[in-house]
Amino acid sequence: MSTRPRKPWRVVLTQNGIQLAEIEHTSEAKAFQHVRTALGAGADTAKVMQWEGVRWWHFETVTADEIRAVQAADRAAEK
């Protein structure tokens with residue numbers, strides 16, 4: 001597939017090294033919102049992919065620990 005897909009962002013969710021799901025998104029913002037939700041709900045790793053040129057590229061890997069750390073920092077800042 002060399003033409004740009006309709007949904008150029010992809011999130012691959014895993015838990016304990018086993019792929020749970022692969023979901024396509026129309027924007028980076030939607031992809032990362034899904035990452036935050038999924039990692040807060042049980043998945044332990046999310047790999048974000050972006051379609052660039054003629055193939056999928058690894059954009060970023062986010063872990064549940066990173067999400068929890070950011071959420072804890074946000075709660076501490078609110079106090």
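Quantities reported herein were computed from a predicted structural model and do not represent experimental measurements. Counting from 1, the numbers follow the sequence of the chain as shown.
- F59 has its side chain out of reach of M49: every pair of non-hydrogen atoms, C-beta onward, lies at least 4.5 Å apart.
- E24 CD to R10 CZ: the interatomic distance, rounded to the nearest 0.5 Å, is 4.5 Å.
- Taking both residues in full, the closest heavy atoms of W56 and P8 are given as CZ3-O, 3.3 Å, listed atom of the first, atom of the second, then distance.
- Because its NZ or CZ atom is both nearer than 6.0 Å to the ring centre of W57 and within 45° of the ring axis, R55 counts as a cation-pi partner of that residue.
- Among residue pairs with one or both ends in residues 35-48, those qualifying as side-chain hydrogen bond (donor to acceptor under 3.5 Å, both in side chains) are Q33-R36, Q33-T37; sequence neighbours excluded.
- Contact between A64 and A43 at its shortest, heavy atoms only, is CB-O, 3.7 Å.
- At least one side-chain heavy atom of I67 sits less than 4.5 Å from a side-chain heavy atom of V62.
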(message) Evaluate W9 against T26 for side chain to side chain contact (heavy atoms under 4.5 Å, CB included), listing each step before the verdict.
(response) CA-CA 6 Å; W9 290 89; T26 55; over 6 Å; no

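- Remark: A46 engages V11, L13, V35, L39 in a side chain to side chain contact (heavy atoms under 4.5 Å, CB included) (not counting sequence neighbours).
- Of the inter-residue distances, the one linking E52 atom CD with R4 atom CZ reads 8.5 Å to the nearest 0.5 angstrom.
- Proximity of a side-chain donor or acceptor of Q15 to a complementary backbone N or O of G42 within less than 3.5 Å is detected.
- The main-chain N or O of T63 is found under 3.5 Å from a side-chain atom of E66 such that the two form a donor-acceptor pair.
- One distance of note links CD of E22 with OG1 of T14; it measures 11.5 Å at 0.5 Å rounding.
- Side-chain contact between H34 and K30 is absent, with no heavy atoms from C-beta onward closer than 4.5 Å.
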